[in-house]
Number of protein chains: 2
Amino acid sequence: MNKIPPRTMERLSMYRRILSELEQKGLHFIYSHQLAELASNTSAQVRRDLMEVNCAGIPRRGYRIPELKEKINEFLKDSEEIRVALVGIGNLGRALLSYFNMRSKRLKIVAAFDSDPEKTGRVISGCRTYHVNDLEDVVRRQKISIGIITVGAGSAQKVADMLVEAGICGVLNFAPVPLKMPKTIHNERIDITTSIEKVAYFSGLNKRVQ
Amino acid sequence: MNKIPPRTMERLSMYRRILSELEQKGLHFIYSHQLAELASNTSAQVRRDLMEVNCAGIPRRGYRIPELKEKINEFLKDSEEIRVALVGIGNLGRALLSYFNMRSKRLKIVAAFDSDPEKTGRVISGCRTYHVNDLEDVVRRQKISIGIITVGAGSAQKVADMLVEAGICGVLNFAPVPLKMPKTIHNERIDITTSIEKVAYFSGLNKRVQ
DNA sequence: TTTCACATGTGAAACTTTTCACATCACTAA
DNA sequence: TTAGTGATGTGAAAAGTTTCACATGTGAAA
Ligand SMILES: NC(=O)c1ccc[n+]([C@@H]2O[C@H](COP(=O)([O-])OP(=O)(O)OC[C@H]3O[C@@H](n4cnc5c(N)ncnc54)[C@H](O)[C@@H]3O)[C@@H](O)[C@H]2O)c1
Ligand SMILES: NC(=O)c1ccc[n+]([C@@H]2O[C@H](COP(=O)([O-])OP(=O)(O)OC[C@H]3O[C@@H](n4cnc5c(N)ncnc54)[C@H](O)[C@@H]3O)[C@@H](O)[C@H]2O)c1
């Protein structure tokens, strides 16, 4: 079975969230143009995306919401929970801990690590925290498959190496440095500073001269 | 003068950061393949990107680092500081405040807003905080051009409307809902949950069946 | 029934982004 | 000087993504 195109995958994650809300409101059907409206894109895009997931709608009735959710889940294959480790219990790390362990059932941050002994050996937002020296051990024992890196730029590569060593499958990196790791490991980066600069640039508040 | 392609723009932001570090180490020249290595991409990509910015290198010597930085700054046009407002002084909002007002000189979060009176009227990480009712007023008076939204999903659209009303040029939205706003306003979204799901999906720890 | 209005599903076109491949050029060393 | 090495700059191909446009099909109303 083929992998879904990355962009489509991102939108499917969003559709699923929207569909859950709609379902809770008691709706059973939705048109592509309605979903498009809710997701701020076009109906053609929505239909293409749903095609990717083998979802059939009914002309003049739209798509059956429960079926849609089911199909997306099946393709994204996270009926099983995703066990996540977070490294770097700083300002950002703590924000993520409180967020995910508040609300997500699929995504679970099951262990957090730091090099500062002040921050470890406790439970923060329901998550046990460990010294980073125990990383490999805990990751293996807890069968953690994803790592989130929220340490400073200077330590990010070292932490990434440890995670790889520990047998992680994928990494989400918030530090503003690209990481080197085996191509077999998926490596996603969120660069908040760049995102703001991008907004500034494309807002055109930078009137070009030349 | 033409706008730079979005992807290229993102990478330029990164190159600039890398170049600053190299400059501090006392380096004066760099090859496209070296910059590629540092940025985790290919030398052809780097050369294309630099072309976009009219940067000429010298065969067998590489690119002159100060000139490169200068050219990127010129194109990204942020010699001038970018004045930013943050709305939603929660866990994530506070992390952002501490981060940006620690280190960035170009990007300045000059005002933060919340609806909870407990959180306003103070100074957090060097940033004054206001009640959200004062948003329009403060944004106008302080000539703020970019807004960061870190309120809950339920309030995000309302806050976006207020920012638009106040004359903002661009928005960076962390709430997991797409916002509706005039197409003239650039609107970027960071969806952390989707990013983790994406890592999980492409890590292949979701072994496809069919 | 039949007709009509309107959603879906999907090739194909259009656009964007990345990669390839190589002519060109600058420096080095003989 | 000249030859050789190894960079750059860039058309053109390839890959990825979005948009278009319309045949097909469904339900509802006449
Ligand atoms: N906070 C933000 O809003 C924000 C925004 C953009 C980018 N970032 C990036 O995210 C990362 C974290 O930011 P932050 O504000 O939370 O920083 P922070 O300094 O508050 O937290 C970093 C944490 O990492 C820990 N740490 C350092 N080295 C470590 C190591 N080798 N092993 C384990 N733990 C280690 C530190 O003890 C600290 O607790 C940084 O790379 C930063 O550039 C943060
Ligand atoms: N914290 C994270 O790691 C994280 C991760 C992913 C997404 N997000 C998203 O970021 C947003 C903020 O997350 P958080 O964890 O900081 O939440 P939070 O609840 O800690 O903070 C939200 C803040 O917004 C304020 N607020 C609510 N309505 C408001 C309004 N109308 N005007 C002004 N202020 C208002 C609240 O008083 C609160 O201080 C949420 O949308 C969340 O989904 C957060």
Side-chain angles (χ1 to χ4, degrees), chain A residues 2-15 19 22 27-65 67-68 71-72 75 178 183 186-189 194 198 201-202, chain B residues 2-15 19 22 27-65 67-68 71-72 75 178 183 186-189 194 198 201-202:
Chain A
N2 276 328
K3 280 260 179 284
I4 295 167
R7 287 288 165 72
T8 298
M9 150 68 215
E10 287 173 20
R11 285 188 298 266
L12 287 174
S13 159
M14 185 162 117
Y15 298 154
L19 291 169
L22 292 173
L27 292 175
H28 293 152
F29 278 90
I30 189 166
Y31 296 123
S32 60
H33 70 263
Q34 293 176 308
L35 189 47
E37 165 78 11
L38 293 168
S40 294
N41 65 165
T42 68
S43 64
Q45 179 86 81
V46 168
R47 291 201 301 277
R48 269 261 173 255
D49 290 338
L50 296 184
M51 237 177 90
E52 208 71 51
V53 160
N54 298 337
C55 250
I58 307 166
R60 293 224 30 157
R61 300 227 44 195
Y63 297 83
R64 195 182 302 274
I65 290 178
E67 185 189 327
L68 221 49
K71 276 279 172 61
I72 295 178
F75 267 73
K183 299 144 303 308
H186 187 86
N187 163 7
E188 191 87 14
R189 198 153 71 88
T194 291
K198 195 173 164 197
Y201 180 73
F202 288 108
Chain B
N2 275 328
K3 279 260 180 280
I4 294 166
R7 287 290 167 73
T8 297
M9 149 70 216
E10 287 174 19
R11 285 187 299 268
L12 287 174
S13 159
M14 185 164 116
Y15 297 155
L19 291 170
L22 292 174
L27 292 176
H28 293 152
F29 278 90
I30 189 167
Y31 297 122
S32 60
H33 71 263
Q34 293 176 310
L35 190 48
E37 165 78 11
L38 293 168
S40 294
N41 64 166
T42 67
S43 64
Q45 179 85 81
V46 167
R47 292 201 300 276
R48 267 257 173 258
D49 290 340
L50 296 184
M51 237 176 89
E52 209 69 54
V53 153
N54 297 337
C55 249
I58 307 167
R60 295 223 26 160
R61 300 227 42 196
Y63 297 83
R64 195 182 301 274
I65 291 178
E67 184 189 328
L68 221 51
K71 276 279 172 61
I72 295 177
F75 266 74
K183 300 143 305 307
H186 187 85
N187 165 6
E188 191 87 14
R189 198 152 72 88
T194 290
K198 196 173 164 198
Y201 180 74
F202 287 108

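- Of the possible polar contacts, one joining the A:K71 side chain to the A:N54 backbone as a donor-acceptor pair under 3.5 Å is found.
- The nearest whole Å value for the distance from the CG atom in B:N41 to the P atom in C:dT17 is 15 Å.
- With D:dC20, D:dT10, C:dA7 as the choices, the nucleotide that has an atom nearest any side-chain atom of B:M51 turns out to be D:dT10.
- Distances from the side chain of B:Y63 to the nucleotides D:dT17, C:dC27, D:dG9 place D:dG9 closest.
- With D:dA28, D:dT19, C:dC20 as the candidates, the nucleotide lying closest to the side chain of A:R48 is D:dT19.
- The side chain of A:A56 approaches C:dG9 more closely than any other nucleotide in the set D:dA7, C:dT10, C:dG9.
- A donor-acceptor pair under 3.5 Å links the side-chain atoms of B:Y201 to the main chain of A:I4, judged by distance alone.
- A sub-4.0 Å separation between OP1 or OP2 of C:dC27 and a side-chain N or O of B:Y31 is absent.
- Checking D:dA30 for Watson-Crick or G-U wobble geometry (two distances, each under 3.5 Å) identifies C:dT1 as its partner.
- The nearest heavy atom of DNA chain D to A:P59 and to A:R47 marks one nucleotide each, and the one closer to the 5' end goes with A:R47.
- Proximity of A:R64 to the phosphate of C:dT8: no side-chain N or O atom is located under 4.0 Å from OP1 or OP2.
- Checking side-chain atoms of A:Q34 against main-chain N and O of A:Y31 turns up a donor-acceptor pair under 3.5 Å.
- With a 4.5 Å cut-off on side-chain heavy atoms, A:R11 and A:E52 do not count as touching.
- The listed nucleotides are D:dA28, D:dT17, C:dC27; the one nearest the side chain of A:R60 is D:dA28.
- Looking at which nucleotide of DNA chain D each of B:S32 and A:Q45 is closest to, the 5′-most match is held by B:S32.
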